[in-house]
Number of protein chains: 2
Amino acid sequence: MGTTGRVRIYEVAAHVGVSPTTVSAAITGKRPVAEATRQRIEQAIEELGYRANANARALAYGSSGTIALLIPSLEKSLSQIELEFVASVAEAARSREYDVLVSFSGDDELALSRLIDERRADGIVLLEVFLDDFRVERLRALGFPFVAIGRTARPSGIDWVDIDFERLQWSLVSGLVALGHRRIALISGPYDLLKRRYAPQHRTHRAFKSACTKLGVQGDILYCERNAEAGLRRTAELLANDKMLTGLVVVNELALPGVYRAVAEAGLRMPEDVSVIGQCDSKWSTFLVPRLTAAQFPSIEMGRAAVEILADRLADRALARRGRLILPTIVAGESTGPARVAGSPERRTRRAQGHSTAGHARQ
Amino acid sequence: MGTTGRVRIYEVAAHVGVSPTTVSAAITGKRPVAEATRQRIEQAIEELGYRANANARALAYGSSGTIALLIPSLEKSLSQIELEFVASVAEAARSREYDVLVSFSGDDELALSRLIDERRADGIVLLEVFLDDFRVERLRALGFPFVAIGRTARPSGIDWVDIDFERLQWSLVSGLVALGHRRIALISGPYDLLKRRYAPQHRTHRAFKSACTKLGVQGDILYCERNAEAGLRRTAELLANDKMLTGLVVVNELALPGVYRAVAEAGLRMPEDVSVIGQCDSKWSTFLVPRLTAAQFPSIEMGRAAVEILADRLADRALARRGRLILPTIVAGESTGPARVAGSPERRTRRAQGHSTAGHARQ
DNA sequence: CTGTTAGCGCCTTCAA
DNA sequence: TTGAAGGCGCTAACAG
């Protein structure tokens with residue numbers, strides 16, 4: 001089946017004794033075909049193993065049945081979160097009969113041009129959006145169908161899917177505060193990204209600060225490169241400089257392993273001495289729970305939603321622009337309050353006592 | 001630039017005052033064009049923002065400038081390793097001016113047909129190869145260009161890139177034995193995959209057994225589903241049933257977190273009581289070292305090699321078939337010999353003593 | 001209901 | 001060195 005060298009629609013037509021047009025009609029269903037002929041055509045297609053050439057069809061249709069996933073690499077390494085998007089978008093696209101072109105682009109200008117001007121994709125799913133994003137502006141100006149995962153400062157005119165940062169940070173911070181934590185820190189991405197107005201970071205910071213203010217606790221922000229080494233080094237500094245700190249909110253997935261180790265190497269226990277909440281992919285969280293409370297990044301849900309919106313738009317240009325906020329699921333680990341009442345310098349003294357953590361003994 | 005609605009080669013030709021043929025010639029360079037005209041053409045292309053329609057070009061050329069990455073999902077979840085392939089293949093392909101179509105296929109028959117019969121891709125990179133693989137057979141029968149990441153039982157007639165399992169297992173097992181371990185286990189994937197003749201698993205088992213035999217140590221094999229929960233449960237059973245076990249070789253990346261936790265929850269220390277060597281992605285290994293010795297899975301190197309071979313073949317059909325073995329880099333953690341001389345039942349007694357692991361105290 | 005004609009946008013003969 | 005004509009394989013518009 002389909003193992004044949006080169007079967008065109010002409011071969012099928014000749015085999016049945018009709019014109020190529022009729023075969024085309026039978027396949028696309030865009031015009032009526034007599035039941036008898038349609039059956040003979042279908043049989044011939046089966047026998048000859050015919051499949052329409054996608055390029056010829058794309059040329060005739062003016063569209064390629066392909067959506068592109070544009071992933072600018074912020075730095076060299078990809079987080080698990082970003083990679084999960086690929087899988088979820090690919091799967092969602094497949095169920096709607098779209099192919100997926102991935103573009104890990106360093107040069108967005110060129111990549112966009114390939115996709116749009118060369119007509120390689122009918123629509124685009126955009127990752128890693130900035131508050132001011134030239135890609136978004138350009139796509140909107142062109143009227144090219146796209147969905148942003150993340151959103152610009154004023155996203156009213158576009159389709160997007162994003163995390164509900166406000167509710168997420170409120171939920172995380174208020175959770176720590178309810179447990180008795182009074183001094184917490186946000187371990188974020190590098191300052192450079194913030195300066196470039198990387199949207200998730202901006203919204204996270206604003207939401208974190210806002211939550212801390214409303215709840216009356218001190219919340220500092222630590223900038224940290226997106227890798228484990230930086231996480232280790234920066235967190236070690238943080239813990240050494242601020243002995244009153246008892247709660248960490250980590251939104252830098254790639255740094256998380258380092259944070260984890262820094263806490264351990266400082267002789268502190270999780271969660272008794274320091275409670276850590278991490279926003280990360282579900283695989284990491286599986287690993288880190290029960291010591292960690294994890295906000296599981298909803299890559300799969302977001303990827304699916306993006307493709308759904310994009311496919312709808314490709315099918316019908318008349319839709320209103322859509323935005324969708326998604327709240328990550330929070331998997332509660334063994335978070336507890338600080339071992340001593342926060343405010344006393346007791347936290348670090350436990351270190352000298354050399355207590356055991358074997359077996360993750362609870363209480 | 002390139003922001004224009006629809007610029008065809010005709011527009012460029014008209015703008016310059018030559019025929020489309022000449023413009024085409026200037027672009028492809030497949031026939032001489034006067035220097036003066038070529039310059040005017042290039043300027044017009046720049047001004048008008050012209051880019052050749054990829055579908056039309058593909059139709060005329062008979063090839064699409066696209067390679068496909070075919071990723072059968074063995075189970076639901078993708079390991080970090082598999083996902084790294086996507087990134088490395090995409091990057092390598094980009095530098096050779098190929099687009100990458102990803103296909104996370106459940107139904108390979110259909111996916112292959114889309115790619116080959118519908119001419120969506122010029123070549124294929126195949127992941128997750130089995131010893132007998134119908135995809136390989138079919139692609140070979142068709143003479144369709146492809147590179148397998150992994151290899152069939154007798155891969156002489158195909159292009160492939162694979163791990164050097166023999167040398168890897170020898171190196172891992174002999175390393176443990178040199179440290180004094182006499183009883184070790186391989187934590188592998190599920191039995192189902194082995195039965196289906198999943199190639200990496202077969203080769204790993206054979207190499208592991210062979211190394212154990214040559215070195216005169218007992219090496220058992222534990223089958224384990226590819227997720228953290230199974231890793232935890234199965235490893236806990238293993239440790240409980242075999243108190244003499246002191247060394248683990250884990251080739252199941254998705255189970256590794258569970259293995260790690262099982263060791264901790266059994267009250268055993270790594271590496272003093274149990275030495276663990278894991279074959280996993282570099283991000284995991286960053287997290288796990290220093291307690292773990294890691295064989296870093298060379299996804300990036302393999303992805304690059306695959307694209308390189310494939311691109312060469314697409315450029316020139318006359319090449320001899322190529323195979324390439326790659327040996328993972330081994331990052332040595334704190335592996336040590338067993339705490340007591342192997343052979344005595346001492347390993348487990350340490351548990352009752354309730355010693356501390358705080359700060360990963362060395363010695 | 002079906003066939004003929006024309007065109008999607010590019011490339012490649014073949015003449016000039 | 002250049003242009004005109006024809007084709008890649010399919011679909012859309014128009015007759016019949």
Side-chain angles (χ1 to χ4, degrees), chain A residues 2 4-42 44-45 48-66 113-114 116-122, chain B residues 2 4-42 44-45 48-66 113-114 116-122:
Chain A
T4 333
R6 192 175 119 242
V7 189
R8 298 166 306 165
I9 201 168
Y10 296 96
E11 273 73 67
V12 179
H15 191 266
V16 179
V18 293
S19 79
T21 313
T22 306
V23 177
S24 174
I27 293 171
T28 62
K30 288 188 179 171
R31 90 181 198 190
V33 174
E35 188 51 30
T37 29
R38 107 158 304 133
Q39 295 214 347
R40 289 187 309 157
I41 288 173
E42 276 171 6
I45 287 176
L48 301 176
Y50 169 74
R51 306 221 91 203
N53 180 310
N55 290 117
R57 183 173 263 184
L59 186 60
Y61 273 142
S63 68
S64 59
T66 299
S113 187
R114 275 179 81 87
I116 302 172
D117 299 329
E118 299 183 9
R119 303 281 188 288
R120 287 174 193 268
D122 299 341
Chain B
T4 332
R6 193 173 119 243
V7 188
R8 297 166 306 166
I9 201 168
Y10 296 96
E11 274 71 66
V12 178
H15 191 266
V16 178
V18 294
S19 79
T21 311
T22 306
V23 177
S24 175
I27 294 171
T28 61
K30 289 187 181 172
R31 93 178 197 192
V33 174
E35 188 52 30
T37 32
R38 110 158 302 135
Q39 295 214 347
R40 288 187 309 155
I41 288 173
E42 276 172 6
I45 287 176
L48 301 175
Y50 169 74
R51 306 222 89 201
N53 179 311
N55 291 117
R57 183 172 264 184
L59 185 58
Y61 273 142
S63 68
S64 59
T66 300
S113 186
R114 276 178 80 85
I116 302 172
D117 299 329
E118 300 182 8
R119 304 281 189 288
R120 285 173 194 272
D122 299 341

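So that the names make sense, note that chain A is the first sequence line, chain B the second, and so on, each numbered from 1. What you are looking at is a predicted structure, and each value in this text was computed from that prediction instead of being measured. Side chains are part of it too, since the values below use all heavy atoms of this structure and drop only hydrogens, waters and symmetry mates.
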query = What residues form a side chain to side chain donor-acceptor pair (under 3.5 Å) with Ser63(A), not counting sequence neighbours?
reply =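 Ser63(A) satisfies side chain to side chain donor-acceptor pair (under 3.5 Å) with no other residue.
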
Residue list, side chain to side chain donor-acceptor pair (under 3.5 Å) with Ser64(B), at least two apart or on another chain =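 With neighbours one apart ignored, the set is Asp122(B).
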
task = Output all residues satisfying salt bridge (Lys or Arg N to Asp or Glu O under 4.0 Å) with Arg114(A), sequence neighbours left out; order by chain, then residue number.
result =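 Once residues adjacent in sequence are excluded, the partners of Arg114(A) under the salt bridge (Lys or Arg N to Asp or Glu O under 4.0 Å) criterion are Asp99(B).
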
Residues forming a salt bridge (Lys or Arg N to Asp or Glu O under 4.0 Å) with Arg38(B), sequence neighbours excluded =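 Listed in chain order: Glu42(B).
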
ask   = Shortest non-hydrogen contact from Ile45(A) to Val12(A)?
value =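 Ile45(A) and Val12(A) have their closest heavy atoms at CG1-CG1, 3.9 Å.
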
key: Student check: side-chain heavy atoms of Thr37(A) and Arg40(A) closer than 4.5 Å   =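 A side-chain contact under 4.5 Å exists here.
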
Distance-only check: which donor-acceptor pairs under 3.5 Å involve side-chain atoms of residues 20-34 of chain B, not counting sequence neighbours?
unit_1, atom_1, unit_2, atom_2, d
Thr22(B), OG1, Ser19(B), OG, 3.4
Thr28(B), OG1, Ser24(B), O, 3.1
Thr28(B), OG1, Lys30(B), N, 3.4

Can you list, pair by pair, the side-chain donor-acceptor contacts under 3.5 Å of residues 52-60 of chain A, counting residues two or more places apart and other chains?
unit_1, atom_1, unit_2, atom_2, d
Asn53(A), OD1, Asn55(A), N, 2.7
Asn53(A), OD1, Ala56(A), N, 3.0

key: Between the first and last five pairs of the helix from dC1(C)-dG16(D) to dA16(C)-dT1(D), the angle of the axes, rounded to 10 degrees   =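 That helix has its two terminal axes inclined by roughly 40°.
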
ask   = What distance do Arg51(A) atom CZ and Arg120(B) atom CZ have between them, rounded to the nearest 0.5 Å?
value =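 One finds 8.5 Å between CZ of Arg51(A) and CZ of Arg120(B).
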
task = Using a 4.0 Å heavy-atom cut-off, write out nucleotides 9-16 of chain C from 5' to 3' as B (base contacted by protein), S (sugar-phosphate only) or - (no contact).
result = BBSBBB--

query = Under the salt bridge (charged side-chain N to carboxylate O under 4.0 Å, His left out) rule, what pairs show up with a residue in residues 10-22 of chain B, not counting sequence neighbours?
reply =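 Every salt bridge (charged side-chain N to carboxylate O under 4.0 Å, His left out) pair that includes a residue of residues 10-22 of chain B, provided the two are not neighbours, is Arg8(B)-Glu11(B).
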
task = Provide the start and end nucleotides, 5' to 3', of the part of DNA chain D that has atoms under 4.0 Å from heavy atoms of chain B.
result =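 First and last nucleotides in contact are dT1(D) to dG9(D).
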
message = Once you apply a heavy-atom cut-off of 4.0 Å, does Ser19(A) come out as touching a base, just sugar-phosphate, or nothing?
response =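 Base contact.
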
